[in-house]
Amino acid sequence: MEKLISKYFVPGKTFWVDEYIAGGGYEAARSVFEKFDAKGLIDEVKKSNLRGLGGAGFPAGMKWSLVPQTTGKPVYLVVNGDEGEPGTFKDKYIFRHAPHLLLEGMMIAAYANNVHKAYIYIRGEYVDEYRTMARALDEAYAKGFLGKKIFGKDFDLEIVLHRGAGAYICGEETGLLESLEGKKGFPRLKPPFPAVVGLFGCPTVINNVETLSYLRFIVERGADWFAKLGSEKNGGLRLFSVSGHVKKPGVYELPLGIPLKEIIYDHAGGIRNDRKLKAVVPGGLSAAILRSDEIEVGMDFDQLRAKGTMAGSAGVMVFDETTCMVSALHVTMRFYAHESCGQCSPCREGTGWVHKILQRIVEGRGRIEDLNNLLDICSFMGGTTICALADGAAMPLRSYPEKFRAEFEDFIRSGKSIVTPKAKELVSHH
Amino acid sequence: MEPLTLNSQTQALFSAALQAKLDAKVAKYETRRASILEVLHLIMEEKGHIALEDEKNVAQYLSIPPIDVREVMTFYTLYYDKPKAKTRFNVCRTLACHLTGGDELLKYLEEKLGIHEGQMSKDGKCSLKTVECLGACEIAPMMQINDHEYAGNLTKEKIDELLKRVKCEA
Ligand SMILES: Cc1cc2nc3c(=O)[nH]c(=O)nc-3n(C[C@H](O)[C@H](O)[C@H](O)COP(=O)(O)O)c2cc1C
Ligand code: SF4
Ligand code: FES
């Protein structure tokens, strides 16, 4: 199967500028000035069916066409490299191995959206990746690919690298903008959307690292070719981060729409110790869980939504038959309780209570009415808040007890896991 | 001693070398305030942590109220406001690491180091804390050492080796 981004993922290696150019790099960014006008380029990206690969799956070309170009204000491009969705680690590979692929994609997006200043927001824990990106940026400036009159054209582009400082919520695009303005990462009420009122009050394009990294290939080989690689309305390939109980965890670049079963068994090597599959989180921690009998599903934004879950960030976490679903949900909800920014009471209080109730259950002090209480809290958490973190928390919170009700009831009644007798001991003390 | 530069209020805020780094960074942003996360990172790189005095200096340097700097310091998890331990273990506790035995390894580390999660050893040699997913689930269970080095596919044996290397056993 053909690889696009991941052909750069050679262990231990970074493709620095000369090697990147030798492989045809920066030709797409250079050619775009002759091949397209800005609107033509946006139309091409629309036609490619490139989706936002950060999590929401919003069509990239469509997003760009919503950016007003006549406000008299500058338009900014912001790269979301906060990569905080648990189970997701693919942007790290792009930073590490193919920094110039991202920079080239940013140039293409800048041309399409008339952007002359862009920021890359990289999560603070990616220290080595930050250094790699910083060096690549210096290289690109030294070659005249960035700065004034890039490629000798009448087009300026400055790129600034910006480190986050440890906060999941800064991956939410408006939390990220607040953070980039030097504040706490409190998400903003929408509308207005960032496309219209974004960074420093100006129209702003925000895209994920991976979304932008596919642009070179779309320019090189055409939108129709790219669209055909994927499934209906879901163009191209994407990077699946596979972890948990598989034999070969890692990043796999595969077509959108590929059956989940193939990812697990054909690519990630199947289940460790040849155990049975129990469940899968298909799209990052915030996606609803799937049972082992639901893995025929095609992994694209629309098919997964139809199954009541989501493609999200393509973080696939695999659970074998020894997994205690109660502990797994406890760990999951502890994450949201910790990461809720606290602005909205349904989210702040809801994630807090849910974590406490689950804590009590895993300690063996659960009550049978706890289950319905969890589902009640869940029903007021989603849909009523400033950002989608609360909806993301509600997805596992609803789906785990729904799909594994008997296991939750048994745990509560007996005060311990029926799956792993040791689960109770293993749960850490907080 | 290094020469100190003066700012507009004729008060030395940072050493000349640090000041030059900060000035270069601030110049890239639309507003001075927008650079605060980077400014704090640079101060930490230089001094290890951000003391109260420096927090006030940052406020003055960026022309924002000290409370705004405090807010940023406390909202984000990567800034240290106290001297940090020589060797720091940040153990991931999120789902992929949980599934692959992370909880047990945390317990093991607590025993070996003789401290609990969230603590620093009395001699300041090492500290242990839990963190949420570090974007390295393919090497779960994992931890980050000294806020930068990723150590993954952890086992008890591997932890023993690591502890020998950094001389951290209790
Ligand atoms: C709580 C929360 C966390 C998010 N974290 C990330 C993240 O770490 N990286 C990312 O690219 N998008 C993240 N997103 C999605 C962004 O808000 C946004 O949709 C995305 O950056 C847009 O880029 P794309 O259209 O190219 O995907 C998050 C969303 C929410 C609600
Ligand atoms: S939903 Fe939660 S994380 Fe999002 S803004 Fe409200 S409190 Fe903050
Ligand atoms: S869950 Fe531990 S690194 Fe992702």
Side-chain angles (χ1 to χ4, degrees), chain A residues 83-92 117 123-128 158 160-168 170 179-186 199-200 241-245 249-251 272 281 285 315 317-320 323 327-328 331-332 334-335 338-339 341 425-430, chain B residues 25 28-42 44 62 64 68-69 71-79 90-104 106-107 110 116-118 130-140 144 146-150 152-153:
Chain A
E83 191 150 75
E85 183 66 23
T88 318
F89 40 87
K90 40 122 189 154
D91 295 339
K92 180 184 67 185
K117 176 94 181 252
R123 81 175 281 183
E125 290 89 343
Y126 285 174
V127 177
D128 295 343
E158 296 291 338
V160 177
L161 192 53
H162 178 97
R163 278 172 284 184
Y168 169 65
C170 292
S179 178
L180 203 44
E181 291 181 4
K183 299 176 235 161
K184 295 181 289 192
F186 273 8
L199 190 61
F200 306 117
S241 307
V242 187
S243 66
H245 297 139
V251 175
R272 273 186 202 179
V281 175
L285 197 70
M317 288 185 276
V318 177
F319 298 18
D320 75 14
T323 308
S327 307
V331 166
T332 299
R334 181 178 64 190
F335 174 83
H338 187 252
E339 298 297 336
C341 83
E425 290 165 34
L426 295 181
V427 172
S428 61
H429 40 80
H430 47 105
Chain B
K25 198 58 104 173
K28 293 181 192 281
Y29 289 83
E30 271 67 6
T31 66
R32 291 183 74 75
R33 186 193 177 126
S35 67
I36 186 168
L37 266 62
E38 280 291 337
V39 164
L40 294 172
H41 277 303
L42 290 172
M44 282 234 305
L62 298 178
I64 57 176
D68 289 8
V69 182
E71 252 185 22
V72 167
M73 289 276 297
T74 51
F75 183 80
Y76 297 95
T77 59
L78 296 185
Y79 299 123
N90 297 346
V91 181
C92 176
R93 66 176 190 182
T94 318
L95 191 54
C97 290
H98 165 80
L99 290 172
T100 48
D103 302 344
E104 215 174 331
L106 175 65
K107 268 196 170 174
E110 289 183 322
H116 281 297
E117 182 268 320
T130 52
V131 295
E132 301 293 353
C133 180
L134 287 167
C137 327
E138 78 278 34
I139 53 166
Q144 195 170 26
N146 294 338
D147 307 297
H148 99 105
E149 179 191 342
Y150 278 44
N153 298 314

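Each chain gets a letter, A, B and so on, in the order the sequences are listed, and its residues count up from 1.
- With a 4.5 angstrom heavy-atom cutoff, A:E181 touches chain B only via backbone atoms.
- Classification of the B:H41-B:Y79 ring pair by plane angle, with boundaries at 30° and 60°, yields tilted.
- The shortest side-chain heavy-atom distance between A:M317 and B:C137 does not fall under the 4.5 Å cut-off.
- Contacts with chain A were tallied for B:L40, B:D68, B:L37; B:L37 has the most, counting heavy-atom pairs under 4.5 Å.
- Of the atoms belonging to A:T88, it is backbone heavy atoms, and not side-chain ones, that fall under 4.5 Å from chain B.
- Put simply, of A:A165, A:G244, A:G87, the one with the most heavy-atom pairs under 4.5 Å next to chain B is A:A165.
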**Message:** For A:R163 and B:L42: C-alpha separation, side-chain torsions, deciding distance, then whether side chain to side chain contact (heavy atoms under 4.5 Å, CB included) applies.
**Reply:** CA-CA 11 Å; A:R163 278 172 284 184; B:L42 290 172; 4.1 Å; yes
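- Using a cutoff of 4.0 Å between basic side-chain nitrogens and carboxylate oxygens, B:E138 and A:K92 are scored as salt-bridged.
- Between B:T77 and B:V131 there is no side-chain heavy-atom pair separated by less than 4.5 Å.
- Although no hydrogens or angles enter the test, the distance criterion places no donor-acceptor pair under 3.5 Å between the side chain of A:T323 and the main chain of A:F319.
- Between B:E132 and B:R93 a salt bridge is recorded (basic side-chain N to carboxylate O distance below 4.0 Å).
- In terms of non-hydrogen atom pairs under 4.5 Å with chain A, the most contact-rich of B:C92, B:A136, B:C97, B:C133 is B:C133.
- Counting heavy-atom pairs closer than 4.5 Å to chain B, the top-ranked of the candidates A:G182, A:P86, A:S243, A:G124 is A:G182.
- The candidate from B:T94, B:I36, B:D147 with the greatest count of non-hydrogen atom pairs under 4.5 Å with chain A is B:T94.
- With a 4.5 Å cut-off on side-chain heavy atoms, A:Y168 and A:H338 do not count as touching.
- When heavy atoms are compared at a cutoff of 4.5 Å, A:L199 does not approach chain B at all.
- Counting heavy-atom pairs under 4.5 Å between each of A:R123, A:E83, A:E339 and chain B puts A:R123 at the top.
- Distance alone, capped at 3.5 Å, places no donor-acceptor pair between the B:H148 side chain and the A:V127 backbone.
- When the candidates B:K28, B:Q144, B:E71, B:E149 are compared by the number of heavy-atom contacts under 4.5 Å with chain A, B:E71 comes out ahead.
- Both the backbone and the side chain of A:F335 come within less than 4.5 Å of a heavy atom in chain B.
- When the candidates A:V281, A:D91, A:D128 are compared by the number of heavy-atom contacts under 4.5 Å with chain B, A:D128 comes out ahead.
- Using a 4.0 Å cut-off between charged side-chain N and carboxylate O, A:K117 and A:E158 make no salt bridge.
- With respect to chain B, the highest number of heavy-atom pairs below 4.5 Å among A:G84, A:G164, A:C341, A:G315 belongs to A:G164.
- Across A:A328, A:G185, A:S241, the residue that shares the most heavy-atom pairs under 4.5 angstrom with chain B is A:G185.
- The part of B:Y150 that comes within reach of chain A is its side chain, from C-beta onward, which places non-hydrogen atoms under 4.5 angstrom from that chain.
- Taking the six-membered ring where tryptophan is involved, the planes of A:F186 and B:F75 are perpendicular, since the angle between them exceeds 60° and thus also 30°.
- In this structure, the portion of A:V318 lying under 4.5 Å from any heavy atom of chain B is its backbone and not its side chain.
- Within the 4.5 angstrom heavy-atom criterion, atoms from both the backbone and the side chain of A:H162 approach chain B.
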